[in-house]
Structures are given as C-alpha cells and as structure tokens.
Amino acid sequence: MVRLDVKIPQVEAGSYTIYIEAGSLCAIWERLEADYPNLQKFVVTDANVAAAGHLATLIGKNSPQVYSIDPPGEASKHIDTVIAIIEELEKAFFGRDTLIVALGGGTVGDIAGFAAAIFKRGVKVVQIPTTTVAQADSSVGGKTGVDSSISKNAFGAFWQPEAVFIDVKTLLTLDDRQYCAGLIEGVKHALIADSEYFEFYEKNVDAIKNRDLDVLGEIALKNCQIKASVVEKDPTEKNLRRILNYGHTIGHAVETASGFELLHGESVAIGIIAAGMIEEEMGLATGRLGRIEQILRKLGVPVRIPAEIDKKQLINIVKRDKKAVNQWPKFVLLEDIGKVLCKNGQWAVDVPRDLVEKILTDLY
Ligand code: GLY
C-alpha cells in the first residue's frame, strides 16, 4: 500500500491521506469502519459502477444505505440529484455524524462531494475513484459541484475529502474510450510539472494501453503527487492551481460545443494541442508539439476539433469561460515540457483574441 499525505489547512484534521493499492477495494470497508467507527456510512454510486461489481466488492457482507445515481453520467450532474441525495439522507435520519462514501467516476465524486459539502452545513466524505479521470484528477483536491442548465459546475464548493482510496484494478472494467480519455489528465500533469513523467508516458505507452497494473500504480502515484503539491499551495485556486487547467480553456469549450458527445479527456486533448499551437505562435515552443501530439494520438484521443462543431458557437463559449475578464479568459501556457509560463507572478496569461481565433480555425 502506497500512502501520500495531502496537507490542506482547511481540512479539520489538517491533512488527508491518499491510499494506492491494486486490489484493495475489498478491504476498504473494514478500514472505514475502523477509522470512522462513530460515523453513519452512506454510499453514493451509480448503476455502471454496481454492474462492474465494484459496489459488491466494496461493501461485501455489509448493507449500508446506498444511493445509485440514475442515469449514470453528466446528465445527472444536476442540482436535482443533490436534492434527492439529501432528502434520502433526511428520510433515513442521517445527521451531522454522516460519512458519505463516493464510489465511482468523476461525476459520482463531484455530486457526492457537493452533497457532503452542503448537507447539514457539511459532513465528511471519502472518495473511492474507479475511473482514470477520477483517479488522476477529480477525486483529489476538493472540487465538488453540479452543472446548471447554462454552464458546467455552476453550483459548487471546495470540500476536501477525509481520505482517498485508489484501487487501480477497478480500471480493468472501463471501456477503452473512457479509459484512454481519463489518461489525458495524467499527460497534462506531466506537461505542467515533470518532463521525466512525460518521458515515462512515452516509454510505457503500450503497457499503459494494456492496463499493466504496476505501471498504472506508478501513474496513480505520480498524478496524486503532482496534483497534491499544487493543491496544498493553493487549495481554492487563487493563482497557482490554475496550472491544473492547462488545455482546459479550449477543452471545456469544445466539450460544451460538442453537446458533451466528446468526453472530458478527449476535449482536453484537443485543448492541449490548441495551447501548444498558441505557444508556437507566441514563440514559446521549440518543436515539442509533435511529441505531444504523438503521445495523444497513441492514446487514441482526438487531436483536432470535429468538423461538426460550429466555430462561432465555440468562440462564444470561450467568452463565457468562468474565469473570463472582459469576456476573454487568460490561458495557462508552457515554457517547456514540465514548466508552466509565469508572467508577473501570474500562472494564467493574456493571449490576443485574434491569435486564439486563428488557432481555432487551423485546428479543424
Ligand atoms: N481539475 C483541476 C483542479 O482540480 O483544479
């Protein structure tokens, strides 16, 4: 079992631990009972996770109350789902001594975490991520929330988990598309923080695609180390944490403009290429874009904007980016692989509109 402590002063205990071990899911419930004997456990999951056998593996012979998000996926990432969870908690007389156990992918973690943040003014949550995207990114760092009918994560809170349990064996049941898309958050971590980690991706791409558990364990640890080191310094995204949004400004816009037909990681892959093209236009890049595009292609994700996406709509969505000032967002850019550009102490920088519009035209 690998342990990694994340030190966040906002968390009651001052820190929380990420536990990483292949095949550990069946032992987690006993651990929760031992670590939180006085808390009433309430599991939030979805039908896909249950069908993959992960719910049965987690709870074993125990029979905690379980809320299954229906339908699984982004369509349920809505305030009504949070209301339903909270009313179910109330009907069953759960109180401030609740431990919400989030078992599933990014959507489950975001919804369950947000319900925990607001139920009775906040109860504890542990995250047990079962997808590549959740293990690499969303289960660590305390971003929780649901979408409004207008934008992603319009309702949200920073609510750090009490602990995160990662069993990379759960990734074996993911379909190829979900699996590969989630790997892109790891590529992003390498690009923003660690050139050796990027080389690791390049060298081990076949083992990664074959879901070698040892390699997946190394990736899980590296992702959590990089993410934790950023979140510890800036838990509420005042400045440095923005680097975790590398590739996400264009990525989010492409994801939204596709009507969520593209997965998050697939959209971020396109956003990473867009950021790389911006870096080239601004004279920041030295021939690295080809390497980046090659690894993304090998991982089987799109690297161009699909023809059916309307460019005008895309630009309108970029203008509505939640971090936009005067209807234009700042961009996180790389100086080199493993090194983000910091200008006047800021980790997100201005890029002229016409340059971004040109890149978006070239990226189809
Ligand atoms: N996914 C980016 C962050 O957690 O800040």
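Note that ligands are numbered from 1 as they come in the structure, with each ligand's atoms numbered from 1 the same way. Along the sequence shown, the residues carry numbers beginning at 1.
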One line per pair, note the atom names and distance for all nitrogen or oxygen contacts under 3.5 Å between ligand 1 and the protein.
residue  : atom  : partner : partner atom : Å
ligand 1 : 1 (N) : Asp137  : OD1          : 3.2
ligand 1 : 1 (N) : Asp137  : OD2          : 3.0
ligand 1 : 4 (O) : Lys227  : NZ           : 2.6
ligand 1 : 4 (O) : Arg241  : NH2          : 2.7
ligand 1 : 5 (O) : Lys143  : NZ           : 2.9
ligand 1 : 5 (O) : Arg241  : NE           : 2.8
ligand 1 : 5 (O) : Arg241  : NH2          : 3.3

Side-chain heavy-atom pair Glu266, Arg177 within 4.5 angstrom cut-off: yes
Whether over 12 other heavy atoms sit under 6.0 Å from Glu30 CD: no
NZ (Lys41) with more than 12 external heavy atoms under 6.0 Å: yes
Residue pair Ile85 / Phe42, side-chain heavy-atom distance below 4.5 Å: yes
Cluster check Val301, Phe198: I/L/V/M/F/W/Y, side chain < 4.5 angstrom: yes
For residues 104-125, dump all side-chain donor-acceptor pairs below 3.5 Å to protein atoms at least two apart in sequence or in another chain.
residue : atom : partner : partner atom : Å
Asp110  : OD2  : Lys77   : NZ           : 2.9

